[in-house]
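This report concerns only the one structure given below.
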Number of protein chains: 2
Amino acid sequence: MKTKNAVARKAVQAVKLPSLPQRPLRGARRESRRGDSTRLSILNAAERCFAQNGFDGVSLRTITEVAGVDLALVNYHFGSKDNLLREVIARRAKVVHEDRVRALEMARHEADASSPSIEAIVTAFLEPLLRRLSNGDAGWHHYSRLISQLDVLPKFTGLTGDVLDPTALHFINALRLALPKASPQSIYWGYMFLIGSMVQVISATGRIERLSRGLCRSGDIEGALHRLIPFISAGLRALGRQAE
Amino acid sequence: MKTKNAVARKAVQAVKLPSLPQRPLRGARRESRRGDSTRLSILNAAERCFAQNGFDGVSLRTITEVAGVDLALVNYHFGSKDNLLREVIARRAKVVHEDRVRALEMARHEADASSPSIEAIVTAFLEPLLRRLSNGDAGWHHYSRLISQLDVLPKFTGLTGDVLDPTALHFINALRLALPKASPQSIYWGYMFLIGSMVQVISATGRIERLSRGLCRSGDIEGALHRLIPFISAGLRALGRQAE
DNA sequence: ATTGATTTTCATTGAATGTTGAAATTGACT
DNA sequence: AGTCAATTTCAACATTCAATGAAAATCAAT
């Protein structure tokens with residue numbers, strides 16, 4: 001029934017969405033349309049609200065209130081709450097993916113003929129996202145916390161899979177080349193552990209402040225990276241040394 | 001406004017909960033009361049539902065339907081949905097905490113005068129929970145997935161803090177003794193990474209099946225532990241070696 | 001000024017939410 | 001049989017939810 005609803009909704013939405021002009025109608029390369037700022041406000045508000053209270057913990061009413069726009073505009077611009085979430089994620093995931101792939105290619109270039117070091121691979125994966133967290137843009141913070149939540153909720157694996165798996169497979173392949181003696185299974189598990197460690201940093205729940213009584217701070221990305229990269233690299237290398 | 005509602009609800013609930021007899025009224029050491037099986041059904045159903053769809057993604061109606069009991073019984077036995085969640089978690093967290101502390105004491109005993117090895121500490125932390133996941137009891141599976149979700153949601157840090165922080169501080173202290181050269185900050189971060197890696201295993205979202213195209217399985221706890229312990233141990237040791 | 005598509009507003013839909021009060025039932029005790 | 005508290009049932013409560021339909025407004029192009 002749930003799937004049927006989703007399908008029905010999707011079908012309706014495909015029909016009812018405003019017809020986006022596929023190519024610029026006018027001379028300018030890209031014509032900025034009237035509703036663009038509305039779309040942006042909604043995306044940003046949704047990102048913040050979803051991150052704070054989870055997808056099901058926030059209503060479209062709250063989101064539109066934060067965005068300062070009318071409730072009905074969500075369904076006009078995005079079709080449904082589900083689709084709003086998808087666009088919130090896709091927007092930034094695209095950026096991070098491209099940066100990560102580029103960073104990895106750079107590392108490969110520097111490594112010449114051989115494979116880049118584990119540290120280089122891990123850094124190429126972590127920095128594109130983590131560096132943005134210390135750049136003052138709260139949006140990236142919210143996006144990170146949202147990803148952390150979806151990563152762990154079974155009902156969203158479809159969504160996160162579509163968006164994040166390409167990056168994952170890209171880096172899993174790089175790790176395989178860098179750890180030729182590790183079994184394929186160890187590589188996959190190692191990648192999961194990598195993700196998990198990173199998620200603890202980007203989810204920024206404030207737990208480390210509480211545990212350390214203020215000695216460590218969730219927002220101290222430099223401090224986190226300074227430990228995260230050695231931790232993961234040493235862990236992965238240990239998997240590469242393993243007798244199987 | 002939201003906080004005010006929560007406070008009001010809590011106050012009401014404190015007044016309206018059925019007066020639980022503090023000590024056994026009759027001869028038997030512990031008199032099993034009539035509603036106990038109802039309580040259990042609700043706890044188990046809530047555990048399963050929360051794990052699958054998240055706290056806000058499930059209604060009390062769904063939970064009581066799964067439990068096969070009347071809707072009103074949730075508020076009769078637990079006072080509120082919030083409190084139901086708390087009891088769902090506390091029930092199993094208590095068991096795991098005791099097992100972990102006991103396992104750590106055992107490791108200390110075996111290590112004689114010196115500190116237990118990193119492997120021993122990490123194992124003492126991981127096994128009490130992970131071993132239960134391969135013992136057929138689906139409840140532990142649901143509990144683990146639920147913990148994974150709450151761990152990453154800001155709005156539940158109060159709850160998870162109350163329940164999980166004592167264990168955390170216990171093991172952080174053990175790690176400090178085992179890694180005398182590591183800075184306190186590195187220990188705290190290391191513990192966070194440990195948690196993160198573990199969460200990726202116990203959240204069991206099926207992602208590793210998809211990424212590895214069936215080569216690895218989320219349910220393969222032995223395989224996961226076989227990589228998780230070396231990964232984390234090597235990572236922590238690297239933090240201990242770090243120049244600071 | 002008029003057209004016509006895009007965007008916004010407003011009112012409302014039907015369903016689902018957590019919670020509650022009052023009556024009915026149960027079962028162990030006198 | 002009768003008592004009484006614990007438990008269960010049933011029917012509602014007032015909100016809130018996502019989504020929609022139709023009218024109003026906006027604005028560039030003719």
Side-chain angles (χ1 to χ4, degrees), chain A residues 1-2 5-6 8-13 15-21 24-28 31-42 46 49-50 53-65 67-85, chain B residues 1-2 4-6 8-21 24-28 31-42 46 49-50 53-65 67-85:
Chain A
M1 195 167 82
K2 217 165 193 180
N5 278 347
R9 199 186 307 138
K10 204 165 243 177
V12 169
Q13 146 199 329
V15 174
K16 304 214 57 187
L17 267 178
S19 59
L20 308 173
L25 302 171
R26 295 251 125 230
E31 190 167 7
S32 83
R33 303 220 312 303
R34 212 160 28 109
D36 282 359
S37 79
T38 304
R39 277 183 62 92
L40 257 182
S41 304
I42 295 176
C49 295
F50 285 157
N53 283 45
F55 177 75
D56 290 307
V58 185
S59 67
L60 292 182
R61 279 169 175 79
T62 302
I63 292 172
T64 52
E65 208 169 297
V69 303
D70 189 271
L71 167 64
L73 287 173
V74 170
N75 282 292
Y76 175 75
H77 284 287
F78 298 95
S80 70
K81 193 184 180 186
D82 283 350
N83 204 262
L84 171 59
L85 173 65
Chain B
M1 195 165 82
K2 217 165 192 180
K4 203 149 80 174
N5 277 347
R9 200 187 305 140
K10 203 165 246 178
V12 169
Q13 147 199 327
V15 174
K16 303 216 57 187
L17 267 177
S19 58
L20 307 173
L25 302 173
R26 292 254 126 227
E31 190 165 9
S32 83
R33 304 220 311 304
R34 220 172 8 120
D36 281 0
S37 79
T38 304
R39 277 184 63 92
L40 257 183
S41 303
I42 295 175
C49 295
F50 286 156
N53 283 43
F55 177 75
D56 289 307
V58 185
S59 68
L60 291 182
R61 280 170 176 80
T62 301
I63 292 172
T64 52
E65 207 169 298
V69 303
D70 188 272
L71 166 64
L73 288 173
V74 170
N75 282 290
Y76 175 75
H77 284 287
F78 298 96
S80 70
K81 192 185 180 185
D82 283 350
N83 204 262
L84 172 59
L85 173 66

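Just so you know, these numbers use all the heavy atoms, side chains as well, and skip hydrogens, waters and symmetry mates. A quick note: this is a predicted structure, and the numbers were derived from the prediction, not measured. Naming convention: chains lettered A, B, ... in sequence-line order (proteins, then strands); numbering from 1 in each chain.
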Should [X] be listed as having a side-chain N or O under 4.0 Å from OP1 or OP2 of [N]?
X        : N       : value
Arg33(A) : dT6(C)  : no
Ser59(A) : dC17(D) : yes
Thr38(B) : dT8(D)  : yes
His77(B) : dT8(D)  : yes

Please list, pair by pair, any protein nitrogen or oxygen found under 3.5 Å from a nitrogen or oxygen in nucleotides 22-26 of chain C.
| from | atom 1 | to | atom 2 | distance (Å) |
| --- | --- | --- | --- | --- |
| dT26(C) | O2 | Arg34(B) | NH2 | 3.0 |

Separation of atom [atom1] in [X] from atom [atom2] in [N], rounded to whole Å:
X        : N       : atom1 : atom2 : result
Lys81(B) : dA16(C) : NZ    : C1'   : 12 Å
Leu85(A) : dA19(D) : CG    : P     : 12 Å
Phe78(B) : dG18(C) : CZ    : C1'   : 16 Å
Tyr76(A) : dT20(D) : OH    : P     : 15 Å

Ranking Ala72(A) and Arg61(B) by the position along DNA chain D of their nearest nucleotide, the one closer to 5' is Arg61(B)
Side chain to side chain, [X] and [Y], heavy atoms closer than 4.5 Å:
X        : Y        : value
Asp36(B) : Arg33(B) : yes
Asp56(B) : Phe55(A) : no
Phe78(B) : Leu85(B) : no

Picking from dT9(C), dC10(D), dA18(D), the nucleotide nearest the side-chain atoms of Asp70(B) would be dC10(D)
**Message:** Is it true that Thr38(B) and Ser41(B) share a donor-acceptor pair across their side chains at a distance under 3.5 Å?
**Reply:** no
Asn75(A) side chain vs Ala72(A) backbone, donor-acceptor pair below 3.5 Å: no
CD1 (Ile63(B)) and CD1 (Ile42(B)) are apart, to the nearest 0.5 Å, by 9.0 Å
